[in-house]
Amino acid sequence: MAGNSRDRKDNVVPFPKQSKLNIGVVILAVVFIYVMICVATYLSKEQIQSYQVREGSLVEDTRYSGIIVRQEDVVYSDAAGYVNYFAAEKDRVAVGNLVYTLDSSGTLKDYTDLLSADDNSLSDSDKEEFRYLIDSFLEGYSDDSFSSVYDLHTTLTSKTDKLVNNLLLENISSLYSSLGSMIDYHYAAETGLVAYWIDGLEDQTVEEVTSSLFDSATYTRTEFVSNSLVAEGEAVYKIIPSEYWDLVIVGADEEKIEYYLSEEVVQVRFLKNDLLLWAEVSTATNSLGETLLVLSFQSGSVNFSTDRFQEIEIVTEDDTGLKIPISSIVEKSFYLVSEEYVIHSEEEDAYFVLIESYGEDGLTVTRTEVEPYSLQEGYYYLDDASIELGTRIYTEDSLDVYTVSGTGILTGVYNINKGYAEFRQITILEENELYAIVQSNTTYGLNVYDYIVLNADAVDENDFIYE
């Protein structure tokens, strides 16, 4: 049995192993490589983006720093003593209104210190007014208008002083009986806004403004507060009697100045509080030969009675039309053909030209449909494969011949309403760094809600657009 088993093993003939090629794996590998190539090509190619045309306008905001010039009448103390103010800053006082008292003894100062320390000195209505001021500030606050914090501080301080001084005024009659002539009452000599600060520029005229005045390192300002000691002849407050005031700007661009002068009146946005005011425009020249842009206002004085400098934007709104991105705009060359050689078929709603050509049958004239892109000064702008420089075109009713000899450039965009890039002419009314306003309702142009290529440099005319 064992021998038979050995014989059977010896009779086994081994076959060579065959290399089996799996065609499915090969196809899968080819498809995978193709997909990877397509993905790499797609990722490396600039993606085409669309933009829907909308109506709009350009608002160009040019920012400037200006210095306020106005009538400011400084009032000086006629004696030494402690000053206490009874009119809040920015309040408008009339002739004869009490503005401040002067106490040569200092007794009123001690009394107002006690009133300021009294936690119960505010009524419910007073507290509600303070709460309203703070809530209003918080609602309108942004990091871009941080200077409004100082305005809030000034307003709250002024109102606090006024409340304390009103309490003082209620009790001053009893104090006066003991202090006698040591308290002097000082009343407003003219009508106007009260301001408790000076900076030495109160008598500044428009022509005296120079660029050096804008140097913050050299600018100084003095604030007046209640309970402070003043000397005889020292300034104690000032009155701003008029609503008329000027904002003077140094170093504005000459071209911009000419434009503002042509407008005569411009709209000004104050960055401090987003207030919009209209200003009359004029110019002046200072002693250094610097051109000054002068914006004259007839209102809003109360909003800036505590300020000398202002950051502003002059807002100029341009023509209204179709608003498109600058990145969508391209230029294209066209052949110029006199309009009398272009046939318009109203029945077919199409344009044709009769082109001369030579073939096996000799001279022939072919009626070829074309698409005009514009009609300007008697010439159609045509772009057709059958037209080139030197092409001879006939009129329909005569043997007159026009030889194509000129080209013209049109500005336009690629319209993609039909799924491919189609050039459309535009007429730019105004533009800035980002957008252009183009004329609407033109014969060969755009309409509102059309789709155009946003990045025009990524496509060629007649390219199919896949988004």
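Hydrogens, waters and symmetry mates play no part in the numbers below; they use all other heavy atoms, side chains included.
The shortest heavy-atom contact between S50 and I416 is CB-CD1, 3.7 Å. The heavy-atom pair separating Y76 from V236 by the smallest distance is C-CG2, 4.2 Å. Shown here for L454 and P325, the closest heavy-atom pair between the two residues is CD1-CG, 3.4 Å. Nearest heavy-atom pair, S305 versus L193, reported as atom, atom and distance to 0.1 Å: CB-CD1, 4.2 Å. Across all non-hydrogen atoms, the minimal contact from S301 to I240 is OG-CG2, 3.9 Å. Considering every non-hydrogen atom in both S374 and Q376, the closest pair reads OG-NE2, 3.1 Å.
With K238 contributing its side chain and E202 its backbone, the two residues share no donor-acceptor pair below 3.5 Å. Under a 3.5 Å cut-off, the side chain of S333 and the backbone N or O of I409 do not form any donor-acceptor pair. Panel note: side chain N455, backbone A458; no donor-acceptor pair is recorded below 3.5 Å. Counting only distance, with no hydrogens or angles, the side chain of E89 and the backbone of Y196 share a donor-acceptor pair below 3.5 Å. Side chain of D349 to main chain of E346: no donor-acceptor pair is present (N/O by atom type, distance under 3.5 Å, no hydrogens or angles). Using a distance-only test at 3.5 Å, with no hydrogens or angles considered, a donor-acceptor pair links the side chain of S328 to the main chain of V453. Side-chain atoms of D253 come within 3.5 Å of backbone atoms of K256 as a donor-acceptor pair (strictly under, hydrogens ignored).
Every residue two or more places apart in sequence or in another chain that forms a side-chain contact (heavy atoms from CB on, under 4.5 Å) with N462 is listed here: Y420. Checked against side chain to side chain donor-acceptor pair (under 3.5 Å), T205 has the following partners two or more places apart in sequence or in another chain: E208. Residues satisfying the side-chain contact (heavy atoms from CB on, under 4.5 Å) criterion with V342, sequence neighbours excluded, are V337, Y351, V353, Y380, L382. Judged as a side chain to side chain donor-acceptor pair (under 3.5 Å), and not counting sequence neighbours, the contacts of D73 are Q71. F214 meets the ring pair (Phe, Tyr, Trp, His ring centres under 6.0 Å) test with F309; sequence neighbours excluded. Applying the side chain to side chain donor-acceptor pair (under 3.5 Å) rule to T395 yields the partners S398; only residues at least two apart in sequence or on another chain are considered. Under the side chain to side chain donor-acceptor pair (under 3.5 Å) criterion, Y373 pairs with E461, sequence neighbours left out. Remark: V95 pairs with T191 by the side-chain contact (heavy atoms from CB on, under 4.5 Å) rule, at least two apart or across chains. Shown here are the ring pair (Phe, Tyr, Trp, His ring centres under 6.0 Å) partners of F304, two or more places apart in sequence or in another chain: W245, F270. Residues passing the side-chain contact (heavy atoms from CB on, under 4.5 Å) test with T210 are S212, L213, N286, L288, E290, sequence neighbours excluded.
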Going through the checks in order, is the side-chain contact (heavy atoms from CB on, under 4.5 Å) test met by V250 and L292?
CA-CA 5 Å; V250 182; L292 308 175; 3.5 Å; yes
Checking side-chain hydrogen bond (donor to acceptor under 3.5 Å, both in side chains) for the pair Q267/R269: CA distance, chi angles, key distance, verdict?
CA-CA 7 Å; Q267 191 174 40; R269 175 186 290 110; over 6 Å; no
Can you give me every donor-acceptor pair (side chain of residues 362-372, partner residue at least two apart or in another chain, under 3.5 Å) with its distance?
unit_1	atom_1	unit_2	atom_2	d
T364	OG1	S357	O	3.4
T364	OG1	S357	OG	3.0
E371	OE2	R424	NH1	3.4
E371	OE2	R424	NH2	3.4

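With ring centers used as reference points, F86 lies 6.0 Å or more from Y187.
The distance from the OG atom of S338 to the CD1 atom of I393 is 9.5 Å, given to the nearest 0.5 Å. One finds the CZ atom of R63 at 5.0 Å from the CD atom of E313 (value rounded to the nearest 0.5 Å).
Judged as a ring pair (Phe, Tyr, Trp, His ring centres under 6.0 Å), the pairs with a partner in residues 386-410 (not counting sequence neighbours) are, in order, Y341-Y402.
For the pair K272 and Q310, the minimum side-chain heavy-atom distance is below 4.5 Å. Residues D199 and W197 form a side-chain contact, since some pair of their non-hydrogen atoms from C-beta on lies under 4.5 Å apart. L293 has its side chain out of reach of V248: every pair of non-hydrogen atoms, C-beta onward, lies at least 4.5 Å apart. A heavy-atom distance below 4.5 Å is not found between the side chains of L434 and I326. I67 places none of its side-chain heavy atoms less than 4.5 Å from the side chain of Y219. Using a 4.5 Å heavy-atom cutoff, the side chains of L276 and V268 are not in contact. The closest side-chain heavy-atom distance from L271 to I312 is not below 4.5 Å. V413 has its side chain within reach of I324: a pair of non-hydrogen atoms, C-beta onward, lies under 4.5 Å apart.
With hydrogens and angles left out, the side-chain atoms of E243 and S299 include no donor and acceptor closer than 3.5 Å.
Exactly one of D246, L201, L247 qualifies for a side-chain contact (heavy atoms from CB on, under 4.5 Å) with I68. That residue is L247.
Here E72 pairs with R70 in a salt bridge; the nearest charged N to carboxylate O distance falls below 4.0 Å.
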